[in-house]
Protein chains: 2
Amino acid sequence: MGGKVIPFETPKSSATQGRILDAAEALFMEHGFEATSLRQITTAANVNLAAVHYHFGSKEDLFEAVLTRRLDPMNQERLALLTRFEHEWAPKPLSCEKILAAMFIPALKLARDPERGGKNFLRLLGRAYADPAPFIRHFLSDQYAVVIARFKAAFGRALPQLPKKELSWRLHFVMGALSFTLAGTDALKLIAALSRGETANDEMLLRRLAPFLIAGLKAPLPDLSELDGEAAAAFLTQQER
Amino acid sequence: MGGKVIPFETPKSSATQGRILDAAEALFMEHGFEATSLRQITTAANVNLAAVHYHFGSKEDLFEAVLTRRLDPMNQERLALLTRFEHEWAPKPLSCEKILAAMFIPALKLARDPERGGKNFLRLLGRAYADPAPFIRHFLSDQYAVVIARFKAAFGRALPQLPKKELSWRLHFVMGALSFTLAGTDALKLIAALSRGETANDEMLLRRLAPFLIAGLKAPLPDLSELDGEAAAAFLTQQER
DNA sequence: GATTCAGTCAAACGTCTGTTTGAATTTTAC
DNA sequence: GTAAAATTCAAACAGACGTTTGACTGAATC
């Protein structure tokens, strides 16, 4: 008591920095990286245009800072949760459900915390996955390399009968459904249209997604031979007109 | 023999129009809508800058024309194929496999036809799904409204035990995984890295995706009660730190 | 009290954007 | 062969873009 109160960081300068990050987060989410101008951001943040370059260096650096602020803690939380689950269940391998839970719970916690970006940030993240800009793709690859490797290894132990190739593809599909779901403007419309009266909408969303993904992960191996199985037959017999 | 040869449309004017569409398709795919300038497009197409506005009206109209050129025939083919399958199997309802096949086969045919855009166009389409620009979202909604309604009805007959709400969500997830897979720069890298030596890469890709999606569609209903089932328990018990 | 230094500010930098114009050219029609 | 219509072209439009500059502020340091 009576000690000095440090609001967040240095008392004044980073109030500007924070306002820039908040405004940039909201605008990048709404319009994407290219379609958002620094003037829109600095106007929304009530900040001088040059402040962006003073505090962050460039527009690209600002974008990375916006992502890092939320993404870094969330991913560390994911890794910690996965590790905790693994210790709790050792020596048995984790179930797919538990592994997915380790991916989803930190995302859910972030989604329902409006102070820290909330669902808007998850939408921004989903958008970033589909952005063609090379610097964004490189940034996300670097940020996620460790996390993805850890989770892929965990899924590999949970699905030992699944070849590594197949697992890589299925994780790719999982990321796709997840990103699309998080990013969707449509998802927001769907939430409004479909689940009126339900309390925790984001939680409901991901709890619908989880069984879908788990079933997909556990699906029987695809039939890659020429004419075998209903799906493969359907593909091949109709190939020519 | 001896008859008049009509190259594509009117002999010259639409040579320009076609070159613009081709160049725009390639560049929009590579950099997205906002990050691609008309000057890049007209330079690549060896065409005067003003030709874009003369033939298409605006940059947005050009983008829609690029999409429509391939999307419209593909969607009509999808509907025709679905109808054919339904007649072949009548009065039994179609299986999920058949319905998915009706979605995938026209996409596959387009993907392996380099003359008509090939896989580049599918990537462009996947990107468009994730684009925040309102005019793109409206355009895609309008283009797909009929197709999605038809396929949703078909899936509803194939999965009669699934509530409509749930089906809407799962189709959303299906579209997500599909778009992400089609759009991915990563998908191309994955193809290169994982499936060396395989012939029809796109076909392999979609034939891996199909079983994943079918299993997800057929998954048991999610447990939306408070504490029930492994996944739900995992979500809720770990909610606070 | 002078000096330093992080931060803010208005103004301008050069470049690029989508779009428009009006004359020059080519193609079509009679 | 000539009139009309369709297309191409170079040039310019006004405005927005990310970035840089240099003067100005206020509090911290010695």
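Throughout, a chain's letter reflects where its sequence line sits, starting with A, and its residues are numbered from 1.
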Do B/R69 and B/D22 sit within salt-bridge range, that is, some charged N less than 4.0 Å from a carboxylate O?
yes

For C/dC16, does either OP1 or OP2 sit under 4.0 Å from a side-chain N or O belonging to B/S37?
no

Could you check whether A/T42 gets within reach of a base, just the sugar-phosphate, or nothing at all, counting any heavy atom under 4.0 Å?
nothing

Can you tell me how far the CZ atom of B/F155 sits from the CD1 atom of B/I148, to the nearest 0.5 Å?
11.5 Å

Interatomic distance, B/F56 CZ vs C/dG18 P [rounded to whole Å]:
15 Å

Whole-Å distance between D/dG18 P and A/R39 CZ?
7 Å

Given C/dT8, is OP1 or OP2 found less than 4.0 Å from the side-chain N or O atoms of A/H55?
yes

Think B/T16 has a side-chain N or O under 4.0 angstrom from the OP1 or OP2 of D/dT7?
no

Starting at CG of B/L38 and ending at C1' of D/dC17, how long is that distance when rounded to a whole Å?
16 Å

Rounded to the nearest angstrom, tell me the gap between atom CG in A/L27 and atom P in D/dA16.
16 Å

B/R150 CZ to B/L82 CG distance, which is reported to the nearest 0.5 Å:
4.5 Å

Within this structure, what is the CG-CZ distance for the pair B/L213 and A/F173, rounded to the nearest 0.5 Å?
7.5 Å

Taking CD from A/Q40 and C1' from D/dG18, how many angstroms apart are they, rounded to a whole number?
13 Å

Could you tell me the separation between the CG atom of A/N48 and the C1' atom of D/dA23, rounded to a whole number of Å?
13 Å

Return whichever of A/Y54 or A/A50 has its heavy-atom-nearest nucleotide of DNA chain C closer to the 5' end.
A/Y54

Between atom NE2 in A/H53 and atom P in D/dT19, what is the gap in whole Å?
4 Å

Quick one: on DNA chain D, does A/S58 or B/N46 contact a more 5' nucleotide (nearest heavy atom)?
B/N46

Output the rounded distance in Å from CG (B/L49) to P (D/dA11).
13 Å

Does the side chain of B/F56 come within less than 4.5 Å of B/V66's, by heavy atoms?
no

